[in-house]
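Predicted model only: the values in this text are computed from it and were never measured. To find a chain, count down the sequence lines: A is the first, B the second, and so on, and within it residues start at 1.
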Amino acid sequence: MSDRRQTPGYTVVLPHVDLPAMEREILAFWQDNDTFARSLAQTEGGEPWTFYEGPPTANGQPGVHHVEARVFKDVFPRFRTMQGRHVLRKAGWDCHGLPVEIAVEKELGFNGKGDIEAFGVAQFNARCRESVERHVGEFERMTERMGYWVDMSAAYRTMDPSYVESVWWSLKQIFDKGLLVQDYRVAPYCPRCGTGLSDHELAQGYETVVDPSVYVRFPLTSGPYAGTASLLVWTTTPWTLVSNTAVAVRPDVTYVTATDGVETLVVADPLVGQALGEGWTVVDRFAGAEMERWRYQRPFDLLDWPAGADGHFVVLADYVTTEDGTGLVHQSPAFGADDLAVARSYQLPVLNPVKPDGHFADDVREVGGLFFKTADKTLVRDLEARGLMFRHLAYEHAYPHCWRCHTALLYYALPSWYIRTTQVKDALLAENEKTTWVPENIKWGRYGDWLHNNIDWALSRSRYWGTPLPIWVNDQDPSQRVCVGSLAELGELAGRDLSGTDPHRPFVDDITFTKHGVPGTFRRVPEVIDGWYDSGSMPFAQWGYPHAEGSVETFERAFPAAFISEAIDQTRGWFYTLMAVNTIVHGRSSYENVVCLGHILAEDGRKMSKHLGNILEPIPLMEEHGADALRWFMAASGSPWQMRRVGHGVLQEIVRKTLLTYWNTASFLTLYADANGWAPGGEVPAPAQRPLLDRWMLSELNRLVSDVTAAFEVFDTQRAGRLLASFVEDLSNWYVRRSRRRFWAGEPAALATLHESLATLTLLMAPIVPFVTERLWQDVVRPVTHDAPESVHLAAWPQADGALVDPQLREQVALVRRLVELGRAARAASKVRGRQPLGRALVGAPGWATLPEELRREVADELNVLAFEPLSSAAGELVDHSVKGNFRALGKRFGKDTPTVAAALARADAAALAQSLRTTGTASVLVDGSPVTVSPEEVVVTETPREGWAVETAAGETVALDLTITPQLRRAGLAREAVRLVQEARKASGFEVTDRIALRWSADGEAAAAIEEHGAAIAEEVLARSFEKADLLGAEGPVHRDDGLGLAFTLTRSQQ
RNA sequence: GGGCCUAUAGCUCAGUUGGUUAGAGCGCUGCCCUGAUAAGGCAGAGGUCACAGGUUCAAAUCCUGUUAGGCCCA
């Protein structure tokens, strides 16, 4: 690989590293050694842990948000693989759908379906296919660079014939169950272009227009007001009154009858004034629910009502509002989605007198042949002539128009194919019940709510690039329909070999067949299906199930998935279709655990968009900071299930705080192991024989193993990341820092402890940051471990050794670190620099008395003090005591008397109380005149010395420093000062940390005395072979001087 | 209009089963330390924990409502 120094032991890790360059080397290493495939081969016999890849739509460039889900799709499979599970990872690409078509239309400069038809569907679809293949390449590069291990060579593509045939097979299952049906669907529709519009298209075409606003009387013919009152109905589309079917009211709204003395009208109570104006008196009030099925006389009699069909009565609907109009909404199911839904629930007919070109059918009386909008005038005149018009105004509002030709759109019922998911709603809810959602609230919230409000799945699309709906209809008797489950089956029906036929439009459109003895020809319906159905079919279609050889076995082994993960927008998308398709086809959902991620925002908190210019592209981002940094961010920064901002700042911080700290700890290990010729495997004391600090580190390590494992088991990468980061911090900034001298000396226990910690840490971090852990595995673990696997990703997940976990030691080291913090604060406040040794410190803290001497020395060392005395040993009159209640403990025992007891404690004689607690373990206070006994856990006693000390105290713990500096202490301080100057000079002269030196020095007075007194110690500390006082006049090499200390010296590299 | 999420320091975010000085990192200022580190330590500035009620001896935490932002659906 690069210029690394090989030694018999470790490969020395240099402190400075170019992480992105290192990652490229690792990618080559994995490729050369086929590591991913080996990890699968190695776990072949293991219990499967099934993962499904939700196929990204291969449309447009991959973005940073694609990295997010892909990190999760990689972390858990890597984790499970290390645990010995067999985790198949088959890539997939979603190829069909409107987004692809729109992108191609844009490339070709097209302007709608007419252009596509003129261009030719075959050529158009070929362009779509080409576009998909182009974008798949970009996704593959991003996937590769980020280290997402997924088998792209065997990727499923939803446009592949075997995939399409498998989807056909599943549709046939649904068709045979009677759940795939044709019905009407109301959608925005342009009568001039003859096409439906998507929501996206709709949004860009609103124009302000003036429409008639009419209030029309519908005389009641049944119910309590039959013949005496009329419903008052408001609409801005008089032309839809021709096909009026019902009037909707809201069941929980109060309605009234009101009269002006001449007539009586029914309106919603809140709208009486607004709808009727002045001069009306309310006669009666009733709930909307009471009005159900009151019949009325329909406004126009221009259409023949279908024989046997009901209609023209009041229906109940929750979508009715009392914001405008009259609270009574005219229903025309062919021209409103809400109307259609209501009509379905009341089994009302769908009458559509308007032809697809926007003109009334010729056989409609009076307005036959008129354009729908033009008919308004005629109809309004007619209503006025018959006395049904209550009020007629001009109404200005935004109305959707075709963005291409500016024709007013109409909401129009088009025949459409549905899957009756409402009929399997209970099964879906039951499947959801069995599913584990992360985060949990999605299950009952966003997703559960969606299931509860389930509506039938509108499956068909009047488009070109999609899985063709495999239904052939008899052109003479449309009730005869055949759903085809494969090309072979179609070939049999058509009487010719169709294998090798592209199962897309227009090729399948050309295939027709007849049935013996049945008049008419079967022709395919023109629609393709929703691309979401394709992706929902992936559990079986990715194997070509059931047609492809071996697909049945493969499918059954890998169904359902243990784990899937996508962003939150997939609740209504893939999470739903995956559950819905498989619940209908296979009788159960296809996943057990689902991790649902929040969205990724730009650094400015907004969505990334070209328009805003705040896009971060994934590959450049990874080339700048490294894929590991981006992966760590995705897995562990903030809450992955909430939306998060990504930017350079946060990635730099991850690199500096976590990845480089980890790296440099390894670098430190190899530096001193190399310097001392040490490698693991030799004589090393057993953990129990090692110093307490080592045992503490190993205790933390084994805790970490179980905690991180537990976090991964419940898919909590955030927690795993926090645990790992704080371990790295402890290892580097406490364990290594505190143990430096032992490393300089090459002490096996220290080196072994650090090695063991790093080796295990590397395994634990491998799923999240596979690159840097691989590098260190190769340099720090593999060369010194005779049976080490070739890659960290082929290694087994570590097991915690509970015997090494020592909770008491954990507490004690935590105390040590708190005391060090207090001591440092005291020093900072006293302005005595850390290099100046102090004679003694007083410590007052629960737990100090039992703290092992070894750990007390840690405190002494950090604070540079020579000795300790317990605060409590100082005579009472030198120490102030204060006592405070521990509310947490008191609250449990005293409940609502807690404040009283706390107040009593605060009033009590603190010194006596402390004394009693110290000697007898309990103390007594008077609460409301009666004595109450408290334990040490229930009070916080703080002891502070009165005078002459530098004191810091917190939460009942005190450190006090004796600031008296004797001449002896001063000389020791000067010696330390001299050491620092020499070390600085060593560094400035570019010496290696292991170089021996010859030192010549000169000084006067106290400095000279200090250096002579501590000469041997100084020499040892700075690795001086020779250490002599000399006249430096005319000395060779540069003379280092420090005027403050009055010291001058030269140093030269000593040979051996 | 409905469902869900979010609101804590200038910024990014922690904050366990409610417990009395609300934390960390980044950034800023000053000082200190340095035989690994792009590091580290101490101190300072910076908070009415969105708002209003309620429950409780005790609320950032539980409940209700409001406001603002986001996502999805109508």
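Pairing analysis of RNA chain B (Watson-Crick: purine N1 to pyrimidine N3 plus N6-O4 or O6-N4; G-U wobble: N1-O2 and O6-N3; both under 3.5 Å) yields stems of 3 or more pairs at B:1-7 with B:67-73, B:10-13 with B:23-26, B:28-32 with B:40-44, B:50-54 with B:62-66.
Summarising the geometry, the separation between CD on Gln570(A) and P on C72(B) is reported as 11 Å, rounded to the nearest angstrom. In this entry the distance linking CG of Asn676(A) with C1' of G35(B) reads 12 Å, nearest Å.
Across all strands, Thr661(A) comes closer than 4.0 Å to no nucleic acid atom at all (heavy-atom distances). When heavy atoms are screened at a 4.0 angstrom cut-off, Val820(A) is found touching no nucleic acid atom at all.
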Listed pairs, N/O of protein and of nucleotides 32-34 of chain B, under 3.5 Å:
from, atom 1, to, atom 2, distance (Å)
C33(B), OP1, Arg835(A), NE, 3.0
C33(B), OP1, Arg835(A), NH1, 3.0
C33(B), OP1, Arg835(A), NH2, 2.0
C33(B), OP2, Arg835(A), NH2, 2.6
C33(B), O5', Arg835(A), NH2, 3.1
U34(B), OP1, Arg835(A), NE, 3.4

Could I get a table of every N or O pair under 3.5 Å where one atom is in the protein and the other is in nucleotides 10-15 of chain B?
from, atom 1, to, atom 2, distance (Å)
U12(B), OP1, Arg645(A), NH1, 2.6
A14(B), OP1, Ser639(A), OG, 2.5

Within the sub-3.5 Å range, which N or O atoms of nucleotides 24-29 of chain B have a protein N or O partner, and how far apart are they?
from, atom 1, to, atom 2, distance (Å)
G25(B), O2', Glu653(A), OE2, 2.2

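Put simply, Arg888(A) has a side-chain N or O that comes within less than 4.0 Å of OP1 or OP2 on G19(B).
In this structure, Arg907(A) has no salt bridge (charged side-chain N to carboxylate O under 4.0 Å, His left out) partners at least two apart in sequence or on a different chain. Under the rule for a salt bridge (charged side-chain N to carboxylate O under 4.0 Å, His left out), the partners of Arg893(A) that lie at least two apart in sequence or sit in another chain are Glu938(A). Partners of Asp861(A) according to the salt bridge (charged side-chain N to carboxylate O under 4.0 Å, His left out) rule, which considers only residues two or more places apart in sequence or in another chain, are Arg738(A). In this view, Arg817(A) and Trp696(A), Asp730(A), Trp734(A), Val813(A) satisfy the side-chain contact (heavy atoms from CB on, under 4.5 Å) rule, not counting sequence neighbours. For Ala268(A), the side-chain contact (heavy atoms from CB on, under 4.5 Å) partners are Val253(A), Tyr255(A), Pro270(A), Leu271(A), Thr322(A), not counting sequence neighbours. For Phe335(A), the ring pair (Phe, Tyr, Trp, His ring centres under 6.0 Å) criterion is met by Trp239(A), not counting sequence neighbours. The side-chain contact (heavy atoms from CB on, under 4.5 Å) search around Arg976(A) returns Arg835(A), Asn864(A), not counting sequence neighbours. With sequence neighbours left out, the side-chain contact (heavy atoms from CB on, under 4.5 Å) criterion links Ala636(A) to Trp632(A).
Regarding the sugar-base torsion, G18(B) falls in the anti class, its angle being beyond 90° of 0.
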